[in-house]
Amino acid sequence: MNYAQAVEYLEALTDFERLGFRRHFADTVSLDSARRFAELLGDPHLRVPAVHIAGTKGKGSTAAMVERVLREAGYRTGLFSSPHLVSFRERVRVNGEPVSEESMARLVSQVQPVLEQVRATGGFSPCTFFEAYFGIAALHFLAEEVDVAVYEVGLGGRLDATNLVNPLVSAITTIGFDHTAILGNTLDAIAREKAGIAKPGVPLVVARGQQGEAFSAISEVAESVGAPLVQGPIIKRLEPPQRAARTGPSGLALPLDQFEVLWPSASGHESRLAGPGTQWQVRSSLLGAHQATNLGVALGLLDEMALRGYTIRWEHVARGLCQVRWPGRFDIRQAHPYLVFDCAHNPESAQALARALPEYLDLGPLVLVIGMSEDKDIAGFADRLAGLGAQVLLTRANLDRALDADLLRERGGPAWSEAEVLPSVAEACRRAFEIAGSAGTVCVTGSFYVVGEAMTALGLKP
């Protein structure tokens, strides 16, 4: 099997990311097939130490931070994330490098007969695309002898294939309303699905600032399974020009509940961790005030790993954070005009984008290229961006659950009543650059798939 054949085989598997779910998650999916698949592979996911991260917002950024700091500390890392922007290979990385085409062809050849065996076994549903990719990642991490594998949950948590791992430490980032038709339409229901990753004796780091309903649900689930609940440092906004001294302890293992992450606003993206007798200043390459919360969760995870014998020092944190890359998340690619990619796809992430754009850029004429999936809160998303005064171009990504652009305008309500509709992402990008001119800003958002298609159309790599 060559790489093209491997991709063809994977694309033929049921892919709920592209198709969408039509029923409640628990009525559609179980872990039985994924568990059987993993057993037949020799349970590779249990043979590499793991970190497991769930949440509505920020789980990918948190995973990227943790992975980069661990790499800076000298550990060989694996990172499993989803969805990809341009290539399947982005989902499986070792020391920051996507799995090669040759390795992908070999891995798919290895798992294909096992997937067919599961399919042929009575009582098991065929494995999905995501489940197959989870097995591929676990096999690759084992073969590459990684020291720690960081797994980002795909959807939910309780019934996600990644929940087969037995991690050193787990985390739940900020909970919000997304995938409500799948996970439930209350914060309590969504939080309980996410908290399904909690395991006996495994510390569960929770983002500060969780809404009360979500935090209560997570706490109840954690207590019921015996997972110690850990809260990261308090997050506070810090107005410029305050700065911190570059001093700090030799290692982590700190009482993080006594610390604060102080995150500047217009001054840039330096932050400091302040606590009893110490201050430490770091500069993150991930932009936006919302990243402060993700940083707090990442610090909580790293702190728990330090408590378990991993050598992680503050200089590793500082160097790792300034080198972390997470494409498509407030990702500024050029000037004249500015080009920004952001995978925001719910009202909360749209609010974060609306705050970050004028904070970091002299926008000039702002053009938003937007495409969204039919299961999103489109009116809420449109309302959060309305205050930017942007010209909006609506389009549709090439996937089954993407909403037709005319319907997108209709569901966006008054905020998008004057929006222009373009038939493809590529055409929308061309039109956006015409409008913005050299002094403006083009921002592509609304969906991972829209961002990915825009990158492809513009000849850019993730």
Distance-only, no hydrogens or angles: does the [X] side chain make a donor-acceptor pair with backbone N or O of [Y] under 3.5 Å?
X: Glu67; Y: Thr77; answer: no
X: Thr445; Y: Asp342; answer: yes
X: Arg384; Y: Gly387; answer: no
X: Glu97; Y: Val94; answer: no
X: Ser349; Y: Ala344; answer: no
X: Gln291; Y: Gly288; answer: no
X: Arg89; Y: Val99; answer: yes
X: Gln323; Y: Arg319; answer: yes
X: Arg329; Y: Pro327; answer: yes
X: Arg93; Y: Leu79; answer: no

message: Looking only at the side chains, is there a donor atom on one of Asn294 and Lys57 sitting less than 3.5 Å from an acceptor on the other?
response: no

message: Less than 3.5 Å apart, any donor N or O on the side chain of Thr162 or His52 sitting next to an acceptor on the other?
response: yes

Looking at [atom1] of [X] and [atom2] of [Y], how far apart are the two atoms once the value is rounded to the nearest 0.5 Å?
X: Asp377; Y: Asp375; atom1: CG; atom2: CG; answer: 10.5 Å
X: Leu286; Y: Arg325; atom1: CG; atom2: CZ; answer: 8.5 Å
X: Ser87; Y: Met455; atom1: OG; atom2: CE; answer: 12.5 Å
X: Ile172; Y: Lys194; atom1: CD1; atom2: NZ; answer: 9.0 Å
X: Leu357; Y: Leu385; atom1: CG; atom2: CG; answer: 8.5 Å
X: Glu374; Y: Arg401; atom1: CD; atom2: CZ; answer: 8.5 Å

query: Which of parallel (below 30°), tilted (30 to 60°) and perpendicular (above 60°) describes Phe129 and Phe88?
result: tilted

query: What is the ring orientation for Trp416 with Phe381, classed by angle as parallel under 30°, tilted 30 to 60°, or perpendicular over 60°?
result: perpendicular

field: Pair Leu403-Met372, side-chain contact (heavy atoms from CB on, under 4.5 Å): steps then yes or no
entry: CA-CA 6 Å; Leu403 189 65; Met372 300 184 73; 5.7 Å; no

Looking only at heavy atoms, which two atoms of [X] and [Y] are closest? And how far apart?
X: Val450; Y: Ala397; result: CG2-CB, 3.9 Å
X: Thr311; Y: Ala73; result: O-CB, 3.5 Å
X: Ala222; Y: Ala198; result: CA-CB, 4.4 Å
X: Gly328; Y: Val451; result: CA-CG1, 4.4 Å

message: Tell me if the centroids of the rings in Phe37 and Phe134 come within less than 6.0 Å of each other.
response: no

query: Do Tyr360 and Phe330 have ring centres separated by under 6.0 Å?
result: yes

- prompt: If we only count heavy atoms from C-beta on, is the Thr293 to Thr62 side-chain gap below 4.5 Å?
  reply: no

- prompt: Considering only heavy atoms from C-beta outward, does the side chain of Ile175 approach that of Ile218 to under 4.5 Å?
  reply: yes

